[in-house]
There are 2 protein chains.
Amino acid sequence: MTTLPRNTRQRRAVAEILARTTEFSSAQQIHEQLRRHGQAVGLSTVYRTLQALVDSGEIDALHDGEEILYRRCEVSHHHHHLVCRHCGAAVEVEGPGAEQWAACVAEEHGYVDITHTLEIFGTCRDCAAQM
Amino acid sequence: MTTLPRNTRQRRAVAEILARTTEFSSAQQIHEQLRRHGQAVGLSTVYRTLQALVDSGEIDALHDGEEILYRRCEVSHHHHHLVCRHCGAAVEVEGPGAEQWAACVAEEHGYVDITHTLEIFGTCRDCAAQM
DNA sequence: ATTCTTGCAAACTATTTGCAGAACA
DNA sequence: TGTTCTGCAAATAGTTTGCAAGAAT
């Protein structure tokens with residue numbers, strides 16, 4: 001049997017922050033937010049908690065080249081993102097045919113056990129305005 | 001006037017390795033290859049050279065989550081890859097409509113200055129065979 | 001002769017891990 | 001009470017950088 005995670009103050013605090021935000025944030029940013037909200041949590045605990053949430057499918061993670069960004073998404077099924085590289089604001093988008101296309105290309109070349117990454121980075125309206 | 005890079009033994013050696021290989025390789029792997037070919041080059045020089053080659057558009061780079069992988073591609077225009085996560089063997093593929101789709105989605109949401117990542121990872125035939 | 005390049009060692013960044021003490025069930 | 005969780009400090013891993021010595025033009 002799989003053991004359920006314990007209901008700790010730290011886990012609740014991290015979940016709370018993720019619930020409040022619609023933007024992709026790094027573990028360090030979340031750690032900082034927690035401090036500001038008077039809910040300090042050790043950085044390693046933040047990393048461990050985020051990893052657990054990703055594993056259980058409760059949040060999405062993506063690499064932006066520098067670091068890993070996390071966010072709680074609306075939809076639970078597979079999707080992609082249009083992310084602001086300045087503030088992390090994100091829009092969930094469907095990759096029309098992207099999955100089939102990837103599977104098709106892979107099969108054509110004899111590749112198996114496929115995964116794919118498809119993210120769009122840009123500057124959102126608000127960030128563009130203040131520049 | 002932009003200064004051309006100097007023609008050094010190290011730069012030639014790195015270019016040589018990249019010319020020989022069709023697989024995506026990490027800076028450390030290339031550094032190791034150089035040693036094995038009796039053409040030792042400092043690791044930082046390898047990093048600097050690869051970065052310069054990426055900047056000049058002579059080679060492609062991609063993140064695989066762990067590290068940055070480099071390779072000299074056939075075509076010079078924008079394209080995507082189907083990469084073996086075990087050996088780095090890669091196939092260059094066109095993302096049919098992917099660019100327009102990305103641009104369209106971005107515009108629709110007011111995002112500007114767009115870039116996108118689209119890579120497919122899998123296990124190539126050869127690697128799958130020996131498992 | 002001048003300027004760019006190299007290589008080493010040290011610095012950095014993001015992330016992970018060992019372990020002893022604290023907290024949950 | 002027994003097991004999981006936390007937090008600190010230290011360890012990792014990949015990559016970058018300062019700087020003095022070496023090489024290219």
Side-chain angles (χ1 to χ4, degrees), chain A residues 1-18 24-56 58-71 83 85 88 117 119 121, chain B residues 1-18 24-56 58-71 83 85 88 121:
Chain A
M1 62 293 187
T2 19
T3 24
L4 289 174
R6 284 186 177 173
N7 177 26
T8 67
R9 191 205 100 233
Q10 291 83 342
R11 193 172 292 266
R12 262 179 276 123
V14 172
E16 173 85 359
I17 292 290
L18 287 165
F24 270 96
S25 322
S26 68
Q28 320 237 11
Q29 288 174 321
I30 290 171
H31 176 248
E32 178 58 24
Q33 293 262 326
L34 288 163
R35 274 206 327 99
R36 272 198 292 253
H37 283 247
Q39 284 288 340
V41 172
L43 182 55
S44 12
T45 299
V46 172
Y47 274 108
R48 278 186 283 232
T49 304
L50 289 171
Q51 189 51 59
L53 290 169
V54 169
D55 291 344
S56 71
E58 290 177 63
I59 63 176
D60 274 24
L62 65 81
H63 280 69
D64 82 333
E66 299 275 285
E67 58 209 337
I68 306 178
L69 302 178
Y70 305 87
R71 117 158 184 166
V83 188
R85 63 168 75 80
T117 62
E119 310 293 346
F121 294 95
Chain B
M1 63 296 184
T2 18
T3 24
L4 288 176
R6 284 185 178 172
N7 178 24
T8 66
R9 191 204 101 234
Q10 291 83 341
R11 194 172 292 267
R12 263 179 276 122
V14 171
E16 173 85 2
I17 291 291
L18 287 167
F24 270 97
S25 323
S26 68
Q28 319 236 15
Q29 288 175 321
I30 290 170
H31 176 249
E32 177 58 25
Q33 294 262 325
L34 288 162
R35 274 206 327 98
R36 271 197 292 252
H37 283 246
Q39 283 290 339
V41 173
L43 182 56
S44 14
T45 299
V46 172
Y47 274 108
R48 278 187 284 234
T49 303
L50 289 171
Q51 189 52 59
L53 291 169
V54 168
D55 291 344
S56 72
E58 291 177 64
I59 62 175
D60 274 23
L62 65 82
H63 281 68
D64 82 330
E66 299 276 285
E67 60 210 335
I68 306 178
L69 302 178
Y70 305 87
R71 117 158 184 166
V83 188
R85 65 169 71 82
F121 293 95

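Here is how names work: the chains are called A, B, and so on, in the same order as the sequence lines, proteins then strands, and each is numbered from 1. The basis for the numbers below is simple: all heavy atoms, side chains too, and nothing from hydrogens, waters or symmetry mates. What you are looking at is a predicted structure, and each value in this text was computed from that prediction instead of being measured.
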With the criterion being N/O to N/O and under 3.5 Å, what pairs connect the protein with nucleotides 8-12 of chain C, and how long is each?
residue	atom	partner	partner atom	Å
C/dC8	N4	B/S44	OG	3.2

Checklist entry - When you look at CD of B/E67, are more than 12 heavy atoms from neighbouring residues, nucleotides or ligands closer to it than 6.0 Å? => result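 Count over threshold, so yes.
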Checklist entry - Just wondering, are more than 12 heavy atoms of other shown residues or ligands nearer than 6.0 Å to CD in B/E32? => result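 Count over threshold, so yes.
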Checklist entry - Would B/S26 and B/Q28 count as having a side-chain donor-acceptor pair, cut-off 3.5 Å? => result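 Side chains of B/S26 and B/Q28: no pair found under 3.5 Å.
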Checklist entry - What closest approach, in Å, do B/G65 and A/H63 show between heavy atoms, and which atom pair accounts for it? => result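 It is O-NE2, 3.4 Å.
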Between [X] and [Y], is any pair of side-chain heavy atoms under 4.5 Å apart?
| X | Y | answer |
| --- | --- | --- |
| B/Q10 | B/T49 | no |
| B/S25 | B/Q33 | no |
| A/L18 | A/L50 | yes |

Nearest-angstrom distance from the residue atom [atom1] of [X] to [atom2] of [N]:
| X | N | atom1 | atom2 | result |
| --- | --- | --- | --- | --- |
| B/Q51 | C/dT6 | CD | C1' | 17 Å |
| A/Q39 | D/dT6 | CD | C1' | 14 Å |
| A/Q29 | C/dT13 | CD | P | 15 Å |
| B/R11 | D/dG22 | CZ | P | 20 Å |
| B/H31 | D/dG14 | NE2 | P | 13 Å |

Hey, is the side chain of [X] poking within less than 4.0 Å of OP1 or OP2 on [N], counting only N and O atoms?
| X | N | answer |
| --- | --- | --- |
| A/T45 | D/dG7 | yes |
| B/Q28 | D/dA13 | no |
| A/Q10 | D/dG7 | yes |
| A/Y47 | C/dT16 | no |

Checklist entry - How bent is the helix from C/dA1-D/dT25 to C/dA25-D/dT1, comparing axes over its five end pairs at each side, to the nearest 10°? => result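 The end axes of the helix from C/dA1-D/dT25 to C/dA25-D/dT1 are about 30° apart, to the nearest 10°.
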Checklist entry - Between A/S26 and A/N7, which has a closest nucleotide on DNA chain C that is more 5'? => result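 First, find each residue's nearest nucleotide; the 5'-ward one identifies A/S26.
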Rounded distance [0.5 Å steps], [atom1] in [X] versus [atom2] in [Y]:
| X | Y | atom1 | atom2 | answer |
| --- | --- | --- | --- | --- |
| B/I30 | B/I17 | CD1 | CD1 | 8.0 Å |
| B/L69 | B/Q29 | CG | CD | 7.0 Å |
| B/Q51 | B/Y70 | CD | OH | 6.0 Å |

Next on the checklist: For B/V41, is there any backbone N or O sitting under 3.5 Å from a side-chain donor or acceptor partner on B/H31?
Outcome noted: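 Answer holds: yes.
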Restricting to nitrogen or oxygen on both sides, can you table the protein-nucleotides 2-4 of chain C pairs closer than 3.5 Å?
residue	atom	partner	partner atom	Å
C/dT3	O2	B/R6	NH1	2.9
C/dT3	O2	B/R6	NH2	2.8
C/dC4	O4'	B/R6	NE	3.4
C/dC4	O4'	B/R6	NH1	3.2
C/dC4	O4'	B/R6	NH2	3.1
C/dC4	O2	B/R6	NH1	3.2

Checklist entry - Please, which pairs that meet salt bridge (Lys or Arg N to Asp or Glu O under 4.0 Å) have at least one residue in residues 41-56 of chain B, sequence neighbours excluded? => result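 For residues 41-56 of chain B, and leaving out neighbouring residues, there are no salt bridge (Lys or Arg N to Asp or Glu O under 4.0 Å) pairs at all.
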Item to check | B/R12 and B/E16 ion-paired at < 4.0 Å | outcome: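 So B/R12 does not pair with B/E16 through a salt bridge.
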Item to check | side-chain contact (heavy atoms from CB on, under 4.5 Å) involving B/F121 - partner list, sequence neighbours excluded | outcome: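 Partners of B/F121 by the side-chain contact (heavy atoms from CB on, under 4.5 Å) criterion, ordered by chain and then number, come out as A/T115, A/T117, B/L62, B/D64, B/V83, B/R85, B/E119.
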Checklist entry - When you measure from every atom of DNA chain D, which of residues 58-69 of chain A have a heavy atom less than 4.0 Å away? => result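 Output list: empty, so none.
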